[in-house]
Amino acid sequence: MKKILFSILVFVSLSLQAEMVDTYQFKNVEDRTRAVALAKSLRCPQCQNQNLVESNSPIAYDLRIEVYKMVDEGKSNQQIVEVMTSRFGNFVLYKPPFELTTALLWCLPIGLLLLAVLLMVRYLRRRSENREICTALSERQRRELAELLAKNKGKK
């Protein structure tokens with residue numbers, strides 16, 4: 001019975017999802033949905049791996065309220081993102097734009113993938129060349145093998 005209750009509790013706890021509840025009053029539900037989605041797309045400057053909604057830091061709370069206010073004022077997502085990036089740089093974006101300063105960030109995964117494929121192809125080529133060399137006997141080895149076989153045949 002305890003195992004069944006424990007299993008039910010684990011199943012229920014895994015299916016639940018908690019979300020930060022702010023008391024900010026929006027004009028309508030669409031604005032609230034847009035504001036929360038926008039706050040989720042912006043990174044907390046203090047916590048670094050959490051967005052503004054997930055973070056419990058005071059600055060995340062202030063920025064979250066600021067985003068909510070700007071949405072309520074009717075600003076577009078682009079304008080809000082521009083305000084945030086002007087204050088904190090591209091760091092607050094999970095997907096920073098492709099620029100000279102972020103080129104390494106965007107190109108490094110592709111470069112590492114190409115390098116890995118190149119190294120794998122090179123390894124496989126060398127491996128197949130070594131197999132051909134190892135399986136083929138030279139003329140000298142064939143003569144020695146024939147002599148050994150002839151000696152063993154004479155002993156029997």
Side-chain angles (χ1 to χ4, degrees), residues 6-22 24 26-146 148:
F6 180 74
S7 299
I8 291 172
L9 285 175
V10 168
F11 179 74
V12 169
S13 67
L14 290 176
S15 64
L16 295 177
Q17 186 177 8
E19 187 170 296
M20 179 76 67
V21 176
D22 287 319
Y24 191 84
F26 289 94
K27 293 177 184 171
N28 53 44
V29 177
E30 291 83 23
D31 282 352
R32 181 190 184 285
T33 305
R34 185 169 74 95
V36 170
L38 188 59
K40 283 183 178 179
S41 72
L42 296 171
R43 185 188 320 235
C44 172
Q46 185 177 359
C47 301
Q48 298 183 357
N49 285 329
Q50 292 179 322
N51 60 44
L52 293 180
V53 175
E54 294 172 343
S55 177
N56 292 327
S57 70
I59 190 167
Y61 176 77
D62 293 343
L63 292 175
R64 194 169 51 238
I65 297 300
E66 190 172 327
V67 167
Y68 294 168
K69 284 180 182 175
M70 286 191 276
V71 167
D72 234 11
E73 292 169 359
K75 290 187 177 179
S76 69
N77 288 359
Q78 179 77 20
Q79 290 171 323
I80 296 169
V81 167
E82 285 176 5
V83 168
M84 291 297 175
T85 54
S86 68
R87 285 179 60 188
F88 300 103
N90 289 330
F91 177 78
V92 293
L93 302 175
Y94 279 108
K95 293 180 183 175
F98 186 81
E99 296 173 347
L100 187 60
T101 55
T102 60
L104 184 64
L105 178 70
W106 284 102
C107 295
L108 189 61
I110 295 169
L112 288 176
L113 179 67
L114 291 175
L115 180 67
V117 169
L118 180 71
L119 290 174
M120 189 170 63
V121 167
R122 186 175 169 191
Y123 170 76
L124 291 174
R125 279 189 184 166
R126 284 188 178 185
R127 188 174 157 202
S128 66
E129 287 173 3
N130 287 340
R131 274 195 180 162
E132 289 174 8
I133 291 171
C134 291
T135 57
L137 295 176
S138 67
E139 188 60 35
R140 187 180 59 86
Q141 289 173 330
R142 286 185 188 162
R143 271 186 275 129
E144 290 175 359
L145 180 62
L148 285 172

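Position 1 is the first residue of the sequence, and the numbers go up from there. Just so it is clear, the model here is predicted, and its values are computed rather than measured.
Although no hydrogens or angles enter the test, the distance criterion places no donor-acceptor pair under 3.5 Å between the side chain of E144 and the main chain of Q141. No donor-acceptor distance shorter than 3.5 angstrom exists from the side chain of S55 to the backbone of C47, with no hydrogens or angles considered. With W106 contributing its side chain and P96 its backbone, the two residues share a donor-acceptor pair below 3.5 Å. In terms of modelled atom types and a separation under 3.5 Å, the side chain of T102 and the main chain of L105 share no donor-acceptor contact. Using a distance-only test at 3.5 Å, with no hydrogens or angles considered, a donor-acceptor pair links the side chain of Q79 to the main chain of S76. Counting only distance, with no hydrogens or angles, the side chain of R32 and the backbone of F26 share no donor-acceptor pair below 3.5 Å.
With contacts defined as side-chain heavy-atom distances shorter than 4.5 Å, the pair P45/L63 qualifies. Q50 is not listed as a side-chain neighbour of S57, based on a closest heavy-atom distance of 4.5 Å or more. Taking 4.5 Å as the limit, every side-chain heavy atom of R43 sits out of range of all side-chain heavy atoms of L93. L124 is listed as a side-chain neighbour of M120, based on a closest heavy-atom distance under 4.5 Å. Contact annotation: the side chain of V67 never approaches that of V83 to less than 4.5 Å [non-hydrogen atoms, C-beta and beyond]. Proximity of K69 to R64: side-chain heavy atoms (C-beta onward) are nowhere separated by under 4.5 Å.
Residue L38 holds its CG atom at 11.5 Å from CG of D31, rounded to the nearest 0.5 Å. Atom CD1 of I110 is separated from atom CG of L113 by 8.0 Å, given to the nearest 0.5 angstrom. R34 contributes atom CZ, which lies 9.5 Å from atom CG of N28 (distance to the nearest 0.5 angstrom). Taking CG of L42 as the reference point, atom CG of N51 lies at 8.5 Å (rounded to 0.5 Å). Between the CG atom in L115 and the CG atom in L108 there is a gap of 10.0 Å [rounded to 0.5 Å]. Put simply, SG on C44 and CZ on F91 are 8.0 Å apart, with the number rounded to the nearest 0.5 Å.
A salt bridge is absent between K75 and E82: the closest approach of a Lys/Arg side-chain nitrogen to an acidic carboxylate oxygen does not fall below 4.0 angstrom.
For V10, the side chain to side chain contact (heavy atoms under 4.5 Å, CB included) partners are F6, L14, not counting sequence neighbours.
Around atom OH of Y123, no more than 12 heavy atoms belonging to other residues, nucleotides or ligands sit under 6.0 Å away.
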Verdict with reasoning, L52 to K40, per side-chain contact (heavy atoms from CB on, under 4.5 Å): CA-CA 6 Å; L52 293 180; K40 283 183 178 179; over 6 Å; no
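Taking each heavy atom of C107 and F98 in turn, the nearest pair found is SG-CE1, 4.0 Å.
Ring planes of Y68 and Y24: tilted class, angle from 30 to 60°.
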